[in-house]
Student: 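Input: one structure, supplied below.
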Amino acid sequence: MNQNKTQEINQRMLVLEMLLTENVYSHRLVRDVLNKYNYLSQQEKAFIKRLYEGTLERQIELDYVIDLYSKVKTKQMKRPIRAIMRMGVYQIMYMDAVPDAAACNEAVKLAQKKGFAALKGFVNGVLRNIARNKDEIAYTSLSVKYSMPEWIVDLWMAQLGEETTKIVLAGLLREHSVTVRFRDISGNTGIDMETAVSAVQKALTAQGGTMERHAYLPCAYKVSGTDDLARLPYYKEGAFVVQDVSSMLAVAAVGIEDYVKHAKSEGGCEAVRVLDLCAAPGGKSMLVADLLEKCNVDYEILSRDVSAGKVALMQENLDRCGLRNVSVGVGDAVQRDEALVGTVDIVIADVPCSGLGVIGKKRDIKYRITPETVEELTVLQRQILTVAVSYLKPGGRLLFSTCTINRKENEDNFAWLRDERKLVPMPLDNMLPECLCTDTAKQGYLQLLPGVHDTDGFFISVFYAHGHP
């Protein structure tokens with residue numbers, strides 16, 4: 001039955017329909033489609049994923065190349081033809097396993113099936129011309145070469161300089177592994193971390209995948225070659241969770257153990273209260289819980305998110321991992337909960353942002369975000385941070401983080417918290433791996449950059465409340 005189903009699926013037609021789907025974020029669309037066609041082989045699913053994501057990611061470059069060889073420019077084409085042409089050019093330029101002739105022929109077939117038989121000659125002629133000349137194509141700008149909107153390139157050039165901007169742009173286009181965090185669950189299940197790592201490694205190798213330890217943290221591993229982590233050994237037991245290493249580093253920067261040790265020495269640590277204001281997908285809350293479990297202290301973690309759907313998914317992960325001291329619920333981070341004012345030891349404010357640091361994984365962000373949207377987000381960020389500060393008890397710590405690369409959303413907010421809200425930046429150099437202990441980390445913040453660092457683009461800062469450590 002599965003074999004018959006597989007034969008029924010035209011993989012390129014499926015990718016075309018995905019490219020024509022509107023109002024759905026690309027990473028969610030990929031997840032939903034691969035789940036629907038989970039009976040396909042790993043190779044088939046990898047082809048669908050790469051062709052869809054690559055065509056979307058390289059859209060600016062692909063349009064530039066098509067326009068070089070087509071009298072009808074991409075902006076004038078019907079949406080299905082434009083998508084077919086982009087798919088064809090992507091295969092010609094970036095998928096070596098696909099012969100150029102096959103990319104052209106399959107594009108012609110797609111045009112026919114979508115009702116554009118009259119354009120067969122056009123599609124075939126333009127694509128074959130590109131295939132003949134692909135090694136001669138010259139790029140006119142960084143925007144075209146790295147398929148990034150000009151305003152984002154200009155933003156980074158002004159803030160990072162040309163050399164670093166090129167490194168970041170190239171880093172975003174690299175293949176991105178999934179990062180998982182292995183947990184020590186030996187106390188509850190008898191499964192120690194070493195056993196879980198070994199079992200997952202063996203299972204991945206058997207299916208042609210790979211796993212390697214991340215250089216920054218001993219619990220972090222990079223996984224590739226699988227799209228279904230739930231099938232791996234010990235997933236159901238909660239031995240590992242999906243979490244980018246940048247998110248893990250943000251929690252490490254808070255210094256959970258250091259905070260508990262200090263609070264105990266002051267005689268004021270009967271229980272630790274943590275509030276995660278924009279918690280979805282929940283990775284930080286779960287890591288904080290695991291760290292507090294090792295501190296031999298009572299604690300409660302309140303994880304809130306404005307999306308009911310995301311809250312439900314967080315609860316599923318918490319249940320799988322057996323974390324009982326974490327309470328999830330729907331909550332708007334802008335609305336202050338008066339009952340929590342001045343009562344929280346650690347506030348996590350991973351605020352909504354432009355997402356420019358995760359473009360490598362969420363490829364449509366760069367086409368959706370605008371300078372006007374960024375301005376609106378900075379207003380929202382200040383509103384959330386104002387509320388977040390009000391929850392801190394004397395001596396409490398605030399983690400302020402984003403998944404973007406933009407001074408206005410990051411360094412400017414850091415300075416505002418320090419100068420206007422009178423919080424004291426906490427040096428991060430003792431909390432982070434030595435290779436990340438930059439001058440800014442000593443001042444209280446760290447900007448992670450794809451290509452420069454082996455992470456997403458991420459901003460991390462930690463503050464003391466009222467100047468008390």
Side-chain angles (χ1 to χ4, degrees), residues 179-185 193 214-221 238 240-263 272-295 297 299-305 314 317-318 321 323 325-328 333 344-351 353 357-358 388 391-392 396-403 410 414 425-437 441 444-448 453-465 469:
T179 309
V180 299
R181 175 176 66 85
F182 278 87
R183 306 172 60 238
D184 182 3
I185 58 172
M193 190 181 296
H214 199 289
Y216 293 164
L217 293 171
C219 61
Y221 285 78
F240 62 90
V241 296
V242 177
Q243 185 178 14
D244 190 76
V245 72
S246 56
S247 173
M248 301 181 212
L249 289 168
V251 174
V254 176
I256 300 294
E257 300 95 328
D258 175 73
Y259 178 84
V260 172
K261 180 180 179 181
H262 177 83
V272 175
R273 172 178 277 179
V274 180
L275 174 61
D276 194 346
L277 281 172
C278 309
K284 294 183 188 67
S285 290
M286 289 191 288
L287 178 50
V288 171
D290 284 339
L291 292 172
L292 286 171
E293 285 287 340
K294 297 178 181 178
C295 290
V297 64
Y299 69 92
E300 66 169 339
I301 300 174
L302 309 174
S303 299
R304 303 290 179 257
D305 198 88
M314 283 197 293
N317 264 324
L318 289 168
C321 293
L323 295 169
N325 287 16
V326 184
S327 168
V328 300
V344 182
D345 294 273
I346 297 168
V347 176
I348 300 173
D350 188 28
V351 299
C353 67
V358 291
Y391 293 136
L392 287 169
R397 295 184 184 182
L398 169 69
L399 167 62
F400 159 54
S401 60
T402 74
C403 59
N410 295 338
F414 173 86
M426 187 179 91
L428 306 181
D429 48 322
N430 291 329
M431 306 298 174
L432 296 172
E434 186 176 351
C435 60
L436 299 178
C437 292
Y445 72 89
L446 175 66
Q447 175 70 68
L448 295 167
H453 307 102
D454 190 9
T455 66
D456 290 337
F458 211 86
F459 183 84
I460 300 169
S461 62
V462 180
F463 294 86
Y464 297 126

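Along the sequence shown, the residues carry numbers beginning at 1.
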Student: Does Leu249 reach the side chain of Pro433, with side-chain heavy atoms less than 4.5 Å apart?
Tutor: yes
Student: Can you sort out the partners of Arg273 under salt bridge (charged side-chain N to carboxylate O under 4.0 Å, His left out), two or more places apart, ordered by chain and number?
Tutor: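 Glu300.
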Student: Can you find a pair of side-chain heavy atoms, one from Leu292 and one from Val297, that are under 4.5 Å apart?
Tutor: yes
Student: Just to verify, what does Tyr216 make a ring pair (Phe, Tyr, Trp, His ring centres under 6.0 Å) with, not counting sequence neighbours?
Tutor: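 Tyr216: ring pair (Phe, Tyr, Trp, His ring centres under 6.0 Å) contacts with His214.
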Student: Within the 4.5 Å heavy-atom criterion, are Arg304 and Ser327 side-chain neighbours or not?
Tutor: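 SC-SC contact between Arg304 and Ser327 confirmed.
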Student: Going by the rule side chain to side chain donor-acceptor pair (under 3.5 Å), which residues pair with Asp184 if we only count those two or more places apart in sequence or in a different chain?
Tutor: Ser186
Student: I need the minimum non-hydrogen distance between Met248 and Cys219, along with the two atoms involved.
Tutor: SD-SG, 4.2 Å
Student: Which residues pass the salt bridge (charged side-chain N to carboxylate O under 4.0 Å, His left out) test with Glu293, sequence neighbours left out?
Tutor: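 Glu293: no salt bridge (charged side-chain N to carboxylate O under 4.0 Å, His left out) contacts found.
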Student: Which residues satisfy the side chain to side chain donor-acceptor pair (under 3.5 Å) test with Asp244, sequence neighbours excluded?
Tutor: Ser246, Lys361
Student: Between Val326 and Met286, is the side-chain contact (heavy atoms from CB on, under 4.5 Å) condition met? List the steps.
Tutor: CA-CA 8 Å; Val326 184; Met286 289 191 288; 6.0 Å; no
Student: Does Ser285 have any side chain to side chain donor-acceptor pair (under 3.5 Å) partners at least two apart in sequence or in another chain, and if so, which?
Tutor: Asp276, Ser303
Student: Mind checking side-chain contact (heavy atoms from CB on, under 4.5 Å) for Cys353 and listing every partner two or more places apart, or none if nothing turns up?
Tutor: Gln381, Thr402, Cys403, Thr404, Glu409
Student: Starting from the C-alpha separation in whole Å, work towards a yes-or-no answer on side-chain contact (heavy atoms from CB on, under 4.5 Å) for Cys437 and Met431.
Tutor: CA-CA 9 Å; Cys437 292; Met431 306 298 174; over 6 Å; no
Student: Measuring from Met314:CE to Asp305:CG, what's the distance to the nearest 0.5 Å?
Tutor: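 Answer for the CE-CG pair, Met314 versus Asp305, is 5.0 Å.
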Student: Hey, what do you get for CG (Leu436) to OG1 (Thr455), rounding to the nearest 0.5 Å?
Tutor: 8.0 Å
Student: Excluding sequence neighbours, so at least two apart, what forms ring pair (Phe, Tyr, Trp, His ring centres under 6.0 Å) with Tyr445?
Tutor: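 Tyr445 satisfies ring pair (Phe, Tyr, Trp, His ring centres under 6.0 Å) with Phe414, Phe459 only.
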Student: Treating Asp345 as the side-chain partner and Val272 as the backbone partner, does any N or O pair qualify as donor plus acceptor under 3.5 Å?
Tutor: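 Not a single qualifying donor-acceptor pair exists.
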Student: Is the shortest heavy-atom distance from the side chain of Asp454 to the side chain of Val245 under 4.5 Å?
Tutor: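 Sidechains of Val245 and Asp454: no contact.
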Student: If you define the side chain from C-beta out and look only at heavy atoms, does anything of Val260 sit under 4.5 Å from Leu291?
Tutor: no
Student: Which pair of non-hydrogen atoms, one from Arg397 and one from Asp258, has the smallest distance, and what is that distance?
Tutor: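 Arg397 and Asp258 have their closest heavy atoms at NH2-OD2, 2.6 Å.
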Student: Testing Leu398, Leu277, Val288 for side-chain contact (heavy atoms from CB on, under 4.5 Å) with Ile348, which one passes?
Tutor: Val288
Student: Please find the pair of heavy atoms, one from Ile185 and one from Gly238, that lie closest to each other, and give the distance.
Tutor: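 So the two residues come closest at CG2-O, 3.8 Å.
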Student: Output every pair passing salt bridge (charged side-chain N to carboxylate O under 4.0 Å, His left out) with a member in residues 278-291, not counting sequence neighbours, ordered by first then second residue.
Tutor: Arg181-Asp290, Arg183-Asp290, Lys284-Asp350
Student: Does the separation of the ring centres of Phe182 and Tyr221 fall below 6.0 angstrom?
Tutor: yes
Student: Excluding sequence neighbours, so at least two apart, what forms side-chain contact (heavy atoms from CB on, under 4.5 Å) with Ala253?
Tutor: Leu428, Leu432, Ile460, Val462
Student: Rounded to the nearest 0.5 Å, what separation is found between the OG atom of Ser401 and the CZ atom of Phe458?
Tutor: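 Answer for the OG-CZ pair, Ser401 versus Phe458, is 4.0 Å.
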